[in-house]
Amino acid sequence: MIAFLIKRLFHAFLVMFVISVISFAIQDNLGDPIQQMVGQSVPESERAELREELGLNDPFFVQYLRFAKNAAQFDFGYSYIFNEPTTEVIMRHLPATLELVAATTLLIVLLSVPIGVYSAIKPRAWLSRAFMGVSIVGISIPVFLTAIVLIQLFAIGVEVTPFPVDTAWGAWLNDLLSTDGGMPAYGRGNPVNVFGTWDTNFSSLEGLTYLVLPAISLASIMLPLFIRLIRAEMLEVLQSEYVKFARAKGISLRRIYFVHALKNTMLPVITVGGVQIGTLVAYTILTETVFQWPGMGLMFLDAIERSDIPLIVTYLMIVGLIFVITNTLVDLIYGLVNPTVKLTGKPA
Amino acid sequence: MSDTIVPGRWARFRDSYLLYSFKRDLIAQVSLVIFALLIFAAVFAPWLAPANPYDLAQIDILASELPPFWIDGADPAYLMGTDAQGRDLLSTILYGARVSLIIGFGAVLMQAVIGVSFGLMAGYLGGRVDAFLMRLADIQLSFSTLMVAIIVGALVKAIFGGATFSEYAVPLLVLIIGLAEWPQYARTVRASVLAERSKEYVDAARVMGLKSRRIMFRHILPNTLSPIFVISTVQVANAIISEAALSFLGLGMPETHPSLGSLIKSGFDYIQSGSWWITLIPGAVLVILVLVINLLGDWLRDVLNPRLYKG
């Protein structure tokens, strides 16, 4: 176990090292701090002096070590557009993204487990087939399009009149097919400050309404994947010997499904789920763009648009760190829970 | 001369399991027909489209934001309505689908070239090469392909500058998506190579003194083709979605030369004013295109890999 832990940690450091080298190379090649610091009128000689003073003429390796030392202390310099330390800019935008991800995760867990389990237990039922059909359509719809459709349906509203409006039943059917709109679709509204820079949308019903559409859009891209995964794993588990044995022993079906089988189904689901956090962060960029949700994704795009190199680099490093930590944790948990995993990584 | 009659290619195809299962699968048939129609419409867009959206002289700004034909106030000259600049939406979609498909197929070709070479090398050479390439693939996949595409796209745009990027957007997007999504190919190919490598025909080739490169490309590669086919369909769908996502974020095709993604992006600004068709009609085309490719991919996976149950 110790060997496995050390190997994993070494791997994590290696990945962070690669990310930091890439980030530094970007900063070194694309950002010119002198140009940002001084005005147009400053003569070239003074610029060269400043360059020497800041150590920008040092060899790549020396400059990288300086960058890495500062990065280890979470000091990535100043953002061009906000004129304050980049880490502070990120910390201000982080809560919005985390709350969106939290709400999405909640939705995914609450929906995918029952649907996946149901369609594994009753694979031939029409409802299961419908879920599978909807899930392949769901995979094919890009997340920003889901978001746009949701805005059209629930923020703007749709009025359709395929049935005659002058009859009572026609009006009723038309009403049934039309949607009202009125859901908030832009920004976070008035989030309540909890502490420091953390504003929350979870404290009031009004705040939660702002979360509904973005969270559903973001969940829509992950849900099909998890439903299919849980269904496939559950189907496999239900075929196994111990489930047959439990059934032969006369244990109630409900207990077999939800106590014996579900436990072993969730193991691979947790691993895949951990890895999918990376994908989720990528999709927050798209979701936040559509809903103008003031999180890290929107900030990142803004930074790209205005070539705020320090902010881009900080975002890469921090998102990279989040990925590495979650992936390492997932690996470790998996190693702990599943004793059959090759802990030392020796070739079999 | 041999006595056995070798059936021709067509006869072999006619008796194949591939065709047999296709005839029995209605979803695959419908998907193929729709896919063929979309490809046809995209390839022949310059002849089929009522207008040329790239020709500024044909654009009438006074005719902007006209609705499609089934809504009151439509102009019969514009079947699907017009966008905010007065471009005929149907023509713009046909040209846009063309751009999306070119980038989708180009990016998959790019991924396949990088991924297959790396996968062959990792699987056949093993050792440090394998460890290095697969670590690289792991890192990229843990970031998710879309994230890598966004980051690479942002960097390429920063390096080249907005104007140059717009001018060479098609080859650059092919490169960006190719670089972002090669690990899928590399992993698949590596897995099949590992299974093939220990077989006797490879030993025989090695004993004959053939070079590694020849064994890799001429002997092992042909035996790993069927998994490559299966993931290629899904990868085309993914590449088209990635391109649309990049364009939606403003890191893809410019509005003057739109793909389906940039059409959705430019239409999105007008959804609040009630002109939903500018964004949702190209959106529907995109979804149908991706959906039929995914359905065909599902079918192909079931046929070529019967061990997998339907899921």
Side-chain angles (χ1 to χ4, degrees), chain A residues 11 14-15 18-19 22 26 29-31 123 132-133 136-137 139-149 151-152 155-156 158 185-186 228-229 231-232 235-236 274-283 285-286 289-290 297 300-301 303-305 307 309 312 315-316 319-320 323-324 326-327, chain B residues 27 135-136 138-139 141-151 153-155 157-159 161-162 234 237-238 240-242 244-251 260-261 264-265 267-268 271-274 276 279-280 282-284 286-295 297-298 308-311:
Chain A
H11 184 195
L14 194 76
V15 175
V18 173
I19 295 171
I22 294 173
I26 295 166
N29 289 313
L30 292 178
M132 287 305 111
I136 191 158
V137 177
I139 286 178
S140 305
I141 304 180
V143 62
F144 54 92
L145 208 57
T146 317
I148 293 174
V149 171
I151 289 179
Q152 177 71 46
I156 298 170
V158 173
Y186 292 95
R228 285 169 153 241
L229 184 71
R231 174 178 176 270
L235 275 175
E236 207 169 300
V275 175
Q276 289 301 325
I277 289 176
T279 319
L280 203 60
V281 171
Y283 284 117
I285 300 180
L286 285 162
T289 310
V290 178
F300 178 57
L301 267 193
I304 291 173
E305 200 101 313
S307 329
I309 303 294
I312 295 177
Y315 178 85
L316 290 186
V319 167
F323 286 0
V324 169
T326 47
N327 278 341
Chain B
I27 293 178
R135 242 339 72 83
L136 197 66
D138 280 351
I139 296 176
L141 285 179
S142 76
F143 262 81
S144 93
T145 51
L146 182 66
M147 193 75 200
V148 175
I150 292 174
I151 293 170
L155 296 181
K157 195 167 181 180
I159 293 168
V234 180
N238 282 347
I240 291 175
I241 287 195
S242 293
L246 285 174
S247 292
F248 187 79
L249 292 175
L251 298 169
L260 291 175
I264 296 169
K265 173 193 163 65
F268 177 57
I271 194 170
Q272 286 290 351
S273 62
W276 53 266
T279 188
L280 288 183
L286 179 71
V287 170
I288 291 169
L289 179 62
V290 171
L291 181 63
V292 293
I293 299 177
N294 273 336
L295 288 171
D298 261 18
L308 285 170
Y309 49 83
K310 271 192 143 176

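Given the structure is predicted, the values throughout are model-derived calculations rather than measurements. To find a chain, count down the sequence lines: A is the first, B the second, and so on, and within it residues start at 1.
Taking each heavy atom of B:V287 and A:P142 in turn, the nearest pair found is CG2-CD, 4.2 Å.
In this structure, chain B has heavy atoms under 4.5 Å from both the backbone and the side chain of A:L286. Interface residue B:A154: backbone and side-chain heavy atoms are both found under 4.5 Å from chain A. Within the 4.5 angstrom heavy-atom criterion, only side-chain atoms of A:I156, from C-beta onward, approach chain B. Neither the backbone nor the side chain of B:L289 comes within less than 4.5 Å of any heavy atom in chain A. Residue B:I288 does not touch chain A at all, counting heavy-atom pairs closer than 4.5 Å. Contacts of A:V290 with chain B are made by both backbone and side-chain atoms, with heavy-atom separations under 4.5 Å.
Counting heavy-atom pairs closer than 4.5 Å to chain B, the top residue among A:I19, A:I304, A:I148 is A:I148. Ranked by heavy-atom pairs under 4.5 Å with chain A, the list B:N238, B:I151, B:D138 is led by B:I151.
Tested against A:S140 for a side chain to side chain contact (heavy atoms under 4.5 Å, CB included), the candidates B:N294, B:I240, B:L295 yield a single pass: B:N294.
One distance of note links CZ of A:F300 with CG of B:L249; it measures 9.5 Å at 0.5 Å rounding. Taken to the nearest 0.5 Å, the CG atom of B:D298 stands 8.0 Å off from the CD1 atom of A:I139. Annotation: the span from B:T279 atom OG1 to A:Q152 atom CD amounts to 9.5 Å, rounded to 0.5 Å. Atom CD1 of A:I151 sits about 4.0 Å away from atom CZ of B:F268, to the nearest 0.5 Å. Rounding to the nearest 0.5 angstrom, the gap separating the CD1 atom in B:I241 from the CD1 atom in A:I141 is 9.0 Å. Rounding to the nearest 0.5 Å gives a distance of 6.5 Å between CG of A:L301 and CG of B:L251.
When the shell of 6.0 Å around CG of A:L14 is examined, it contains more than 12 heavy atoms from other residues, nucleotides or ligands.
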List the steps, then state whether side-chain contact (heavy atoms from CB on, under 4.5 Å) holds for A:V319 with B:M147. CA-CA 10 Å; A:V319 167; B:M147 193 75 200; 4.2 Å; yes
